[in-house]
Amino acid sequence: MAAPPASLSGRDEGSFAYLTIKDRIPQILTKAIDTLHRHKNEFFEKHGEKGTEAEKKAISLLSKLRNELQTDKPIIPFVEKFVDTDIWNQYLEYQQSLLNENDGKPRWFYSPWLYVECYMYRRIHEAIIQSPPIDDFDVFKESKDQNFFESRESIIALCTHLQEVVTAIEDLDENQLKDEFFRLLQISLWGNKCDLSLSGGDTSSQKTNIINSLEELKPLILVNDMEHLWSLLTNCKKTREKASITRVDIVLDNSGFELVTDLVLADFLLSSQLATEIHFYGKTIPWFVSDTTIHDFNWLIEQMKESDDKCMSKCGAAWETYINMGRWVYQDHIFWTLPHEFCVMSQVAPDLYAELQKAHLILFKGDLNYRKLTGDRKWEFTVPFHQALNGFHPAPLCGIRTLKAEIQVGLRPGQAEQYMASEPNWLTTGKYGVLQFDGPL
Ligand code: F6P
Ligand code: MG
């Protein structure tokens, strides 16, 4: 097989990668600094002078980081000991080894975009862990929670819908079940519009009832493999022996509204017996502003449970029961917050790869996961998804993302050109989406 093409990079002036590094990332850093500053009193009340000192230290480390980035300084190794420090520093050496003598050192606007963007979030984490006693502070927590609160009306509508479906599930025939499955998959897809990194950390919540918009949004799904997912899961259900399992793994993306849509889908998969067990994967450290950590996951379920809306609290209670029964399993792994493409997972994180192999289907949510699935490379639009995965095939899988980066594979000839002609920014606004399957048919 031919070697994959070059990585997307800030080297390409005017590209989305370039603009992200130039504008969006500094904006996110400034917001993080501002958030620390606004929590000054809280740190003091909790930890006294030590809290104030820590806040100042974290701010100065983040300001230094912003300066390194804006002046395109060389990428420096991590100094604070953490579980993944050695892997990160080895990766920097690897990036160095890819350069020619005259290229100098890996730099922000020169190295692969995927690497430097992940590196930036890992450096934010380093600044925080270097600043005890506020070393467990999540600079993005507030924005994630705000996204959840602002989406309240849509969450209620979604939970009400789910409760109606679950109550009537025994009476639904095959076609009705299928329609429902497709509906909830699409809701989970459009839930991915609500990430907080594209907006530079600004609020991006779901204010309208998404269920009513699905028909209108359907033409914006550029690759729609929902039928494959349905065949796969109904097949598992039919051939499943008593007491054996069908496991669906969901590699989560953003907390807030998107996470609710994923949990609603997961609930339906169990209620309809399309699956018997769901495994969720989240991030071990705050990541790309809105990505889900275990704290966000637990917090959201608790909020749902305690809600004064009956349907929301019913969902929250049911979800807690699933967790207690072990039918929903939350797992994390440092691999998800490393800069590596997924095609090297079997070497870098063989335990995680082996875990994913146990799934009957893996759903990869969001844009960043799609970038890592395809290596964040300059693939032709018509290259088959299977090829762009570059050997990453732990189990049948599906990328579910709204397009927020200049990468897309598996399109029909002429399809990309058609969008390009009318909307030059079609790849990066989050307006379009894909539900893209890879696996035996
Ligand atoms: O900041 C760039 C980026 O990686 C975009 O590709 C995307 O806008 C965002 O961050 C992450 O999106 P998602 O939450 O869907 O992974
Ligand atoms: Mg995200």
Side-chain angles (χ1 to χ4, degrees), residues 7-10 12 15-32 69 108-109 112-122 124 138 140-141 143-144 147-148 188-206 250-262 280-293 296-297 300 332 336-339 341-342 363-378 398-408 425-436:
S7 303
L8 298 176
S9 158
D12 302 322
S15 67
F16 188 67
Y18 169 81
L19 293 172
T20 299
I21 303 168
K22 185 167 103 33
D23 301 328
R24 222 139 31 86
I25 294 187
Q27 196 182 327
I28 288 167
L29 276 171
T30 304
K31 268 202 147 238
L69 186 162
W108 292 88
F109 284 86
W113 172 36
L114 179 62
Y115 169 49
V116 296
E117 198 174 15
C118 291
Y119 173 81
M120 196 281 292
Y121 287 97
R122 181 59 181 79
I124 294 183
D138 178 351
F140 304 125
K141 180 85 179 102
S143 329
K144 289 185 266 195
N147 171 288
F148 175 80
S188 168
L189 164 64
W190 299 121
N192 180 244
K193 273 190 183 190
C194 292
D195 99 89
L196 299 174
S197 147
L198 185 66
S199 57
D202 289 340
T203 173
S204 162
S205 48
Q206 179 65 40
I250 306 183
V251 184
L252 295 170
D253 186 5
N254 304 303
S255 183
F257 183 71
E258 180 172 359
L259 179 57
V260 176
T261 65
D262 298 335
F280 299 100
Y281 300 87
K283 308 292 195 292
T284 37
I285 62 174
W287 199 244
F288 280 68
V289 187
S290 39
D291 285 16
T292 306
T293 65
D296 302 320
F297 187 85
L300 185 134
D332 45 29
W336 303 118
T337 48
L338 290 177
E341 313 168 34
F342 289 164
L363 306 179
F364 285 90
K365 286 299 312 284
D367 196 69
L368 178 62
N369 275 327
Y370 192 84
R371 289 174 59 194
K372 288 186 164 186
L373 282 167
T374 52
D376 211 35
R377 289 167 181 278
K378 297 176 185 172
C398 184
I400 303 182
R401 54 103 58 150
T402 56
L403 280 59
K404 291 176 266 180
E406 283 169 329
I407 179 162
Q408 182 57 53
N425 291 335
W426 65 288
L427 284 165
T428 55
T429 55
K431 171 176 168 185
Y432 294 96
V434 295
L435 285 140
Q436 197 161 20

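Start at 1 and go down the list; that is how both ligands and their atoms are numbered.
Annotation for T261 and E258: closest pair OG1-O, 2.5 Å, computed over non-hydrogen atoms.
Evaluation of the side chain to side chain donor-acceptor pair (under 3.5 Å) rule for N425 yields no partner, not counting sequence neighbours. By the side chain to side chain donor-acceptor pair (under 3.5 Å) test, Y115 pairs with no residue at all, sequence neighbours left out.
Counting only N and O atoms by type, the side chains of Y370 and Q408 include a donor and acceptor under 3.5 Å apart. Under the 3.5 Å distance criterion, with hydrogens and angles disregarded, no donor-acceptor pair is assigned to the side chains of D376 and S7. With 3.5 Å as the limit, one finds no donor-acceptor pair spanning the side chains of N192 and D367.
The N/O atoms of L368, backbone and side chain alike, include one that comes under 3.5 Å of an N/O atom in ligand 1. An N or O contact shorter than 3.5 Å links D253 to ligand 1 by distance. For ligand 1, the polar-atom distance check against T20 finds no nitrogen or oxygen pair separated by under 3.5 Å.
Note on D291: its N/O/S atom closest to the Mg ion (ligand 2) is OD1.
Between atom NZ of residue K144 and atom CG of residue N254 there is a gap of 9.5 Å, rounded to the nearest 0.5 Å.
Ring geometry for Y121 against F288 counts as parallel: the plane angle stays under 30°, on a 0 to 90° scale with 60° as the upper cut.
Under a 4.0 Å criterion applied to the non-hydrogen atoms of N192, ligand 1 contributes the atoms 15 (O). For ligand 1, the atoms sitting less than 4.0 Å from at least one non-hydrogen atom of A405 are 6 (O), numbered in the order shown with element in parentheses. Against a heavy-atom cut-off of under 4.0 Å, R24 is close to the following atoms of ligand 1: 1 (O), 2 (C).
Contacts between W113 and ligand 1, counted as non-hydrogen atom pairs separated by less than 4.0 Å, involve the side chain only. Residue contacts with ligand 1, taken as heavy atom pairs separated by less than 4.0 Å, involve R371 solely via side-chain atoms from C-beta onward.
Proximity annotation for atom 7 (C) of ligand 1: of T428, D367, L8, D367 comes nearest, heavy atoms only. By heavy-atom distance, the residue among K365, K404, K372, R401 lying nearest atom 8 (O) of ligand 1 is K404.
The pair D262-K365 meets the salt-bridge criterion, since a charged nitrogen lies less than 4.0 angstrom from a carboxylate oxygen.
At a cut-off of 2.8 Å, D253 is counted among the residues with an N, O or S atom near the Mg ion (ligand 2). For the Mg ion (ligand 2), the N/O/S atoms of S290 include none lying under 2.8 Å.
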